[in-house]
Each structure stands twice: as structure tokens, then as C-alpha cells.
Amino acid sequence: MSVLMGANIANEVADEKFCETTIGCKNKNHSSLLKELMQTENFRVTVVEESDVVEICGALKAAVIRLGLMEMIAFARIFCTQGPVSSATFLESCGVADLITTCYGGRNRKVAEAFAKTGKSIEELEKEMLNGQKLQGPATAAEVNHILKLKNLIDKFPLFNAVYQICYQGHPVKEFISCLQNHPEHM
């Protein structure tokens, strides 16, 4: 038995919008065939053996959150060298819960949406929308980008880099979709 679940909605797949999916398939011969048959430029397929886990995870439909979390874990494993980095920590409130909350609510999401819709600068939007507060996201993106450049690791963190480029280098927000489509996890 194989299971297909992931960050996709049937209408968006039909409209050839960028989506991704995971196939759970214990049979390695079938899994490579299924990937070959289903993957397109706009429909990215990852295959794992744990079909039961894929089925359980089917409700999580956010590619950005999944790939972002993977980059967070990879970053921690490279730079947090005082002890082991447990994936379980990322399942705590400080990890995936905070990531989901930030993506769906809060000032970073609110200003990011206005940034994408209006074309105004982050500084303008902070002044207009935040009553003297500042965003944490863009400043963090700049700090992380600086560290990654020093260590020559920019290519290993395409989402982190895309956020930086959009916030500070004037790259169009639409490029973020290309970043998702071409993320190393899909290759």
C-alpha cells in the first residue's frame, strides 16, 4: 500500500500552481516509479518508506513550514555545537508551534502580507502598522545571512537566503515560489 499526502489542494494541482507531496511507499521499486510518474516542475514529490507516518502527517499542508523547519534543524546542527541537537526539541513550543504561529498570525506575518501586496518598504510598514514596534524577522534574516556568508553556506539554506534577498535586496516576493520549487529537498 502507498499513501500520498502533502502540501497540495486538488484545484491548485490542476491549475499547475506550485505544490508538493510526500508518498509513503515501503516498496523501493514502486516508490521510484511513483515519483517518476507524478513529479512535474510544479508538483514536487518526495518518497519515504513510512506510509503510516505519511498518512498521520497528512493534515500538515504547509510546504514553507516544512522546508523552513528543515532549514532550522540543519542550522542548529551546524552551529549549536555545545551538545546534541535533538529533533524532538523542534516539536516543542519553541520550534514547530512557534513557526506555525508566526506564519499564520502575529506582526511578522501581518507586515509580510502588506509588504507583498503594497510594495512599500518594511520600514514604512513598521511605522504605519506597528505603533513603534519593530519586526524580528527581517533583522534575524540579516543576522543569519551574515553568518551563512561567513561560513560559505548560503546555498545550503535557500529559504533563509530568499527571505533575506526579498527583505534587503529588492528581490520580488514571487521568487519565493521558485525557491520552494527548486529547494534541494525536491531534487
Side-chain angles (χ1 to χ4, degrees), residues 6-21 40-44 59-76 78-80 90-187:
N8 59 75
I9 298 170
N11 290 345
E12 291 179 353
V13 174
D15 290 341
E16 297 185 351
K17 293 183 179 176
F18 177 74
C19 301
E20 65 174 10
T21 198
T40 68
E41 181 179 326
N42 291 316
F43 190 68
R44 295 298 186 180
L60 301 176
K61 302 247 181 206
V64 174
I65 292 173
R66 181 183 79 82
L67 294 170
L69 181 62
M70 291 174 75
E71 287 193 15
M72 288 169 55
I73 293 168
F75 187 89
I78 292 170
F79 294 103
C80 299
F90 291 89
L91 299 177
E92 298 292 337
S93 181
C94 63
V96 72
D98 187 45
L99 182 59
I100 291 168
T101 301
T102 301
C103 289
Y104 289 107
R107 65 181 181 242
N108 282 295
R109 192 226 36 95
K110 183 177 169 184
V111 174
E113 183 177 337
F115 179 77
K117 288 181 177 178
T118 67
K120 292 181 180 179
S121 73
I122 290 171
E123 293 78 18
E124 286 177 274
L125 293 168
E126 283 178 328
K127 287 177 188 171
E128 289 177 17
M129 300 173 72
L130 297 182
N131 300 321
Q133 291 183 331
K134 293 285 188 187
L135 294 177
Q136 297 167 325
T140 301
E143 292 170 16
V144 167
N145 188 270
H146 178 73
I147 292 167
L148 294 175
K149 277 184 181 171
L150 286 175
K151 300 292 185 179
N152 199 28
L153 292 170
I154 291 286
D155 292 342
K156 302 254 185 232
F157 297 90
L159 291 185
F160 289 180
N161 189 44
V163 170
Y164 173 80
Q165 290 176 332
I166 290 166
C167 290
Y168 293 101
Q169 296 181 333
H171 286 234
V173 174
K174 289 183 178 185
E175 279 187 17
F176 200 75
I177 297 298
S178 175
C179 179
L180 293 174
Q181 290 170 321
N182 298 304
H183 196 280
E185 279 300 310
H186 295 302
M187 301 304 162

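A quick note: this is a predicted structure, and the numbers were derived from the prediction, not measured.
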**Q** Any chance you could measure Ile78, atom CD1, to Lys151, atom NZ, to the nearest 0.5 Å?
**A**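 If we round to the nearest 0.5 Å, Ile78:CD1 and Lys151:NZ are 10.5 Å apart.
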**Q** Can Glu128 and Lys120 be counted as an ion pair, charged N to O under 4.0 angstrom?
**A** yes
**Q** Which pair of non-hydrogen atoms, one from Ile122 and one from Pro138, has the smallest distance, and what is that distance?
**A**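 For Ile122 and Pro138, the tightest heavy-atom pair comes out as CD1-CG, 3.9 Å.
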**Q** Determine whether Asn161 and Leu148 make a side-chain contact, defined as any pair of heavy atoms from C-beta on separated by less than 4.5 Å.
**A**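 Result no, sub-4.5 Å side-chain heavy-atom pair not found.
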**Q** Is it the case that the ring center of Phe75 lies less than 6.0 angstrom away from the ring center of Phe79?
**A**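 Between Phe75 and Phe79, which both carry aromatic rings, the centre distance is below 6.0 Å.
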**Q** How many angstroms lie between NZ in Lys110 and CG in Leu135, if you round to the nearest 0.5 Å?
**A** 10.5 Å
**Q** Ignoring hydrogens, what is the shortest heavy-atom contact between Ala162 and Cys179? Give both atom names and the distance.
**A** CB-SG, 3.9 Å
**Q** Spell out, as yes or no, whether a donor-acceptor pair under 3.5 Å connects the side chain of Asn42 to the backbone of Glu16.
**A** yes
**Q** Does CG in Asn152 sit with more than 12 non-hydrogen atoms of other residues, nucleotides or ligands closer than 6.0 Å?
**A** no
**Q** If you measure from CZ on Arg44 to CZ on Phe18, what distance do you get to the nearest 0.5 Å?
**A**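 Nearest 0.5 Å value for the CZ-CZ distance: 7.0 Å.
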**Q** Given Phe43 and Glu20, is the side-chain contact (heavy atoms from CB on, under 4.5 Å) satisfied, shown in steps?
**A** CA-CA 5 Å; Phe43 190 68; Glu20 65 174 10; over 6 Å; no
**Q** Closest heavy-atom contact between Ala141 and Val163?
**A** CB-CG1, 3.9 Å
**Q** Is the backbone of Ser121 close enough, under 3.5 Å, to the side chain of Glu124 for a donor and an acceptor to pair up by distance?
**A** yes
**Q** Looking at CZ of Phe157 and CG of Asn145, how far apart are the two atoms once the value is rounded to the nearest 0.5 Å?
**A**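 Reported value, rounded in 0.5 Å steps: 11.5 Å.
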**Q** Between Glu126 and Arg107, is the closest basic N to carboxylate O distance under 4.0 Å?
**A** no
**Q** Give, for atom CG of Leu159 and atom CZ of Arg66, the distance between the pair rounded to the nearest 0.5 Å.
**A**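 Nearest 0.5 Å value for the CG-CZ distance: 10.0 Å.
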**Q** For Glu143 and Thr140, test the side chains for any donor-to-acceptor distance below 3.5 angstrom and give the result as yes or no.
**A** no
**Q** CD1 of Ile147 to CZ of Phe160: how many Å apart, nearest 0.5 Å?
**A**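 Ile147 CD1 to Phe160 CZ: 10.5 Å, rounded to 0.5 Å.
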